Amino acid sequence: MRWSQAFIPTLRDDPADADAVSHRLLVRGGYIRQLMAGVYSVLPLGFRVRAKIIRIIREEIDAIGGQELLLPALHPREIWERTGRFESMGEILFTLDDLRGGDAVLGPTHEEIFTSLATEITSYRHLPQLWYQIQTKFRDEARPKSGLLRVREFTMKDSYSFDLDDAGLDLQFDRHFAAYSNIFRRIGVTAIPVEASSGAMGGTDSIEFIVPSPAGEDDVAHCPACDYAANVERATSTLPRIEDPVGPAQPERFPTPGVRTIADLAAFEGGAAGDRQIKTLVYVLDGEPVLVLLRGDHELQEQKLLDETGTVEARSGHPEEIRELLGADAGSLGAVGVEGPRILADLQLAERTNMVTGANIDEHHLRGVDVGRDIAVSEWMDLRTVVAGEGCPVCGEPLEVLRGIEAGHIFKLGTKFSEALGATVLDADGVSVPLVMGSYGIGVERNLAAAVEMNHDDRGIVWPVSIAPYEVVITVVKPDDDDTVTVADRLYEDLLAADVDVLIDDRAERPGVKFTDAELIGVPYRVTVGPRGLADGVVELTVRRTGERSELAVEDAQDVVANLVRSSR
RNA sequence: CGGGACGUGGCGCAGCUUGGUAGCGCGCAUCGUUCGGGACGAUGAGGUCGCCGGUUCAAAUCCGGCCGUCCCGACCA
């Protein structure tokens with residue numbers, strides 16, 4: 001491509017509304033433009049990168065036996081109602097009417113559609129199957145942000161596996177794990193596989209691939225020693241045992257004027273440290289009010305509460321609800337003697353004694369509370385959020401907590417969708433059994449952005465060669481100098497013939513502008529052709545990532561550059 | 001959805017408090033001088049001041065409503 005003819009609208013200034021590094025650089029570099037909140041146009045440079053990412057994904061999924069197909073983005077509302085997800089995903093579903101008055105939705109994902117197609121599989125002899133597509137998804141996110149990282153319309157590769165039994169699913173799952181690892185490596189991002197919550201999917205196993213980045217939205221507990229990694233929605237840790245001093249034979253009420261918080265009570269004369277308090281929260285789970293108990297210095301992990309209780313929608317109780325349920329306001333709540341609502345207690349409270357908690361009378365607390373003796377816990381469960389520095393559940397070393405981008409997610413779905421939609425086969429004994437399914441997603445543009453988050457410097461993007469829009473840019477220093485143009489054009493033609501993706505900057509611009517633009521858009525290799533070098537029979541090669549420069553004899557340039565590109569793809 | 005900010009040529013911004021001919025930088029076009037790290041000069045093109053309504057002789061500016069965008073939070077396969 002000749003830069004003089006290309007549509008590469010680079011900007012000299014940072015766009016005012018771009019915050020994330022990838023957002024800023026992709027807009028400035030002329031890769032993308034925003035059309036509306038969370039919706040972007042992909043310009044020629046961006047399109048080339050996207051195409052390379054798609055090619056890598058396609059090669060890897062084909063390699064594990066995937067069959068590519070294309071399902072509609074426009075779905076009947078009815079199929080979403082049949083699996084209950086019109087309700088559970090209702091918020092993010094784009095809905096629309098058609099002329100015959102029916103309701104349609106734009107697909108946010110495709111389990112329902114793949115599963116309904118899979119009803120055509122009738123015999124175990126036709127299993128396993130692995131189907132995938134690379135297609136546009138629509139999700140009406142409440143808050144799109146950070147450029148391509150969180151959008152409302154995006155491309156996803158989603159694959160779906162169909163097996164007779166769990167063993168078959170496990171195999172397909174493991175193959176996807178390997179394929180995804182290959183994909184991220186080839187795209188040039190570091191993605192940490194982490195145990196994840198299955199959320200509303202209701203599956204069994206689920207692994208997210210997280211690219212560490214401050215622009216991400218997921219927190220991951222990671223053990224540097226043994227590689228344990230889990231989304232904090234799921235992560236556990238080991239904590240030192242606390243020895244409680246011996247307490248009274250029954251709880252004692254005491255006034256605590258002005259005490260509202262855990263910290264207040266810890267500082268209060270006659271109170272107790274946070275780790276000796278019981279925190280009592282009122283939550284409403286699918287309409288049912290419950291009490292949630294945690295150690296005073298621990299934070300609730302709401303996703304764990306959802307997962308453990310099988311709840312679709314959870315919220316904290318409103319002040320009026322709390323008062324009606326317990327007779328006091330937040331700040332003085334407790335579970336001692338409470339009957340009626342379910343009491344869900346975090347495992348870390350087990351066998352604790354002589355604790356301090358609210359008395360359900362405003363500005364009064366109880367001391368000497370023995371959890372086993374005084375509180376009618378309905379269910380024990382892991383509910384707390386892991387914090388950096390706590391012990392790894394596998395090896396005990398201190399955990400770190402990283403922020404990252406969810407670049408891919410693989411799920412074992414089991415039979416949830418096949419049962420709901422009647423996707424069954426006859427097994428060898430002639431018995432009708434539901435297909436055992438897995439689903440596997442990877443966001444194309446999100447990975448493009450993640451690659452920029454991981455590969456940039458203060459001058460711009462630094463693409464890995466594998467996904468760079470162009471592998472080489474030839475910078476023509478003096479486009480009105482005949483020798484320069486002759487040599488540059490010949491090199492350009494030769495590199496094209498050698499199957500190198502090459503861009504020639506033949507614009508009538510000053511050299512500084514060209515160098516700056518080349519660095520901004522992030523082309524891995526730059527060959528500078530100008531009279532100064534040609535006087536000595538050389539051109540100059542600059543490596544974008546390292547800034548390393550070398551001189552190449554004009555006659556060698558084509559071979560050297562082509563080989564360099566080939567070896568770094 | 002709650003909180004905050006913003007909306008003025010392609011991009012980045014000033015002007016609004018105190019109503020009176022719409023400005024600056026970059027970019028763009030033409031010409032000239034320049035030319036190996038974002039040149040200089042001259043001339044020029046380009047704007048329903050987000051939209052609707054109100055106040056006023058007169059509204060980018062004041063008032064009301066709406067729309068849009070970004071940030072924080074809530075939310076989120």
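Protein chains get the first letters and strands the later ones, always in sequence-line order, with residue 1 at the start of each. Bear in mind that the values here come from a model prediction, so they are computed numbers and not experimental data. What you see below is based on every heavy atom in this structure, not just the backbone, and it leaves out hydrogens, waters and symmetry mates.
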Listed pairs, N/O of protein and of nucleotides 34-37 of chain B, under 3.5 Å:
residue: B:U34; atom: O2; partner: A:Arg510; partner atom: NH1; Å: 2.8
residue: B:G36; atom: O2'; partner: A:Arg532; partner atom: NH1; Å: 3.1
residue: B:G36; atom: O2'; partner: A:Arg532; partner atom: NH2; Å: 2.3
residue: B:G36; atom: O6; partner: A:Gly530; partner atom: O; Å: 3.3
residue: B:G36; atom: O6; partner: A:Gly533; partner atom: N; Å: 3.0
residue: B:G36; atom: N2; partner: A:Glu540; partner atom: OE1; Å: 3.4
residue: B:G36; atom: N2; partner: A:Glu540; partner atom: OE2; Å: 2.9
residue: B:G37; atom: O6; partner: A:Arg526; partner atom: NH2; Å: 3.2
residue: B:G37; atom: O6; partner: A:Arg549; partner atom: NH2; Å: 3.2
residue: B:G37; atom: N1; partner: A:Glu519; partner atom: OE1; Å: 3.3
residue: B:G37; atom: N1; partner: A:Glu519; partner atom: OE2; Å: 2.8
residue: B:G37; atom: N2; partner: A:Glu519; partner atom: OE1; Å: 2.3
residue: B:G37; atom: N2; partner: A:Glu519; partner atom: OE2; Å: 3.4

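- Residues A:Val452 and A:Trp463 meet the side-chain proximity criterion, which asks for heavy atoms closer than 4.5 Å.
- Position along RNA chain B of the nearest nucleotide to A:Thr109 versus A:Pro15 favours A:Pro15 as the more 5'-ward residue.
- Put simply, A:Gln34 has a side-chain N or O that comes within less than 4.0 Å of OP1 or OP2 on B:C70.
- Separating the P atom of B:A74 from that of B:G15 is a span of 35 Å, rounded to the nearest Å.
- Between A:Arg12 atom CZ and B:C13 atom C1' there is a gap of 16 Å when expressed in whole angstrom units.
- For the C1' atoms, the distance from B:G38 to B:G12 is 15 Å, rounded to whole Å.
- A:Ala142 comes within 4.0 angstrom of a nucleotide base, judged by non-hydrogen atoms across all strands.
- Between the P atom of B:G73 and the CG atom of A:Asp19 lies a distance of 11 Å, rounded to the nearest Å.
- Among the atoms of the strands shown, none is found under 4.0 Å from any heavy atom of A:Thr10.
- B:U18 is unpaired under the Watson-Crick or G-U wobble criterion, no partner having all donor-acceptor distances under 3.5 Å.
- In this structure, the CG atom of A:Asp17 is 7 Å from the P atom of B:G12, given to the nearest Å.
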Short N/O separations, protein against nucleotides 42-44 of chain B, under 3.5 angstrom:
none

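- Nucleotides B:U61 and B:C16 place their P atoms 12 Å apart, quoted to the nearest Å.
- Side-chain contact annotation: A:Glu233 with A:Gln301, donor-acceptor N/O pair under 3.5 Å absent.
- Checking A:Gln135, A:Arg50, A:Arg446 one by one against A:Thr155, the side-chain hydrogen bond (donor to acceptor under 3.5 Å, both in side chains) holds for a single residue, A:Arg50.
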| task | With side chain to side chain contact (heavy atoms under 4.5 Å, CB included) as the test, would you mind laying out the steps for A:Val473 and A:Val502 before giving the verdict? | result | CA-CA 6 Å; A:Val473 56; A:Val502 57; over 6 Å; no
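- A:Arg150 places its CZ atom 11 Å from the P atom of B:C75, with the value rounded to the nearest Å.
- Comparing B:G64 with B:C57, their C1' atoms sit 22 Å apart, to the nearest whole Å.
- For the pair A:His75 (side chain) and A:His110 (backbone), a donor-acceptor distance under 3.5 Å is absent.
- In this structure B:G10 sits in a base pair with B:C26, meeting the Watson-Crick or G-U test at under 3.5 Å.
- Base contact: A:Asp517 has a heavy atom under 4.0 Å from a base atom.
- Looking only at side-chain heavy atoms (C-beta outward), A:Asp489 and A:Arg2 come within less than 4.5 Å of each other.
- Here the side chain of A:His176 pairs no donor or acceptor atom with the backbone of A:Phe173 at under 3.5 angstrom.
- The nearest whole Å value for the distance from the CZ atom in A:Arg139 to the C1' atom in B:C75 is 14 Å.
- Atom CZ in A:Arg459 sits 4.5 Å away from atom CD in A:Glu519 (nearest 0.5 Å).
- Comparing the same atom, P, in B:C62 and in B:C28 gives a spacing of 35 Å after rounding to whole Å.
- Look at CG on A:Asp219: it is 14 Å from P on B:C75, rounded to the nearest Å.
- Between A:Tyr31 and A:His23, the gap from one ring centroid to the other reaches at least 6.0 Å.
- Across B:C72, B:C70, B:C11, the shortest atom-to-atom separation from the side chain of A:Leu11 is found for B:C11.
- B:G19 and B:A60 are spaced 13 Å apart, taking the P atom of each and rounding to whole Å.
- Judged by Watson-Crick or G-U wobble contacts below 3.5 Å, the nucleotide B:C66 has B:G50 as its partner.
- Remark: P of B:G2 and CZ of A:Arg315 are 16 Å apart, rounded to the nearest angstrom.
- Rounded to a whole angstrom, the distance from the C1' atom of B:C13 to that of B:A22 is 14 Å.
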| query | Do A:Tyr440 and A:Ser161 pass the side-chain hydrogen bond (donor to acceptor under 3.5 Å, both in side chains) test, and can you show the C-alpha distance, the side-chain angles, and the key distance before you say yes or no? | reply | CA-CA 8 Å; A:Tyr440 318 89; A:Ser161 63; 2.7 Å; yes
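- In plain terms, the two heavy atoms of A:Ile442 and A:Ala407 that are nearest each other are CG1-O, 3.4 Å.
- Of all nucleotides present, none satisfies the Watson-Crick or G-U wobble test against B:A74 with each distance under 3.5 Å.
- For A:Phe184 and A:Phe209, the gap between ring centers is short of 6.0 Å.
- Comparing B:C72, B:U69, B:C11 by their nearest atom to the side chain of A:Lys145 picks out B:C72.
- If you check every strand for non-hydrogen atoms under 4.0 Å, A:Lys514 touches nothing.
- A:Glu141 places its CD atom 15 Å from the C1' atom of B:G73, with the value rounded to the nearest Å.
- Searching all strands for a Watson-Crick or G-U wobble partner of B:G41 with both distances below 3.5 Å returns B:C31.
- Along RNA chain B, the nucleotide closest to A:His23 and the one closest to A:Met156 are compared, and the more 5′ of them pairs with A:His23.
- Within the 4.0 angstrom heavy-atom criterion, only backbone atoms of the sugar-phosphate kind lie near A:Glu302; the bases stay farther away.
- B:C6 and B:A58 are spaced 29 Å apart, taking the P atom of each and rounding to whole Å.
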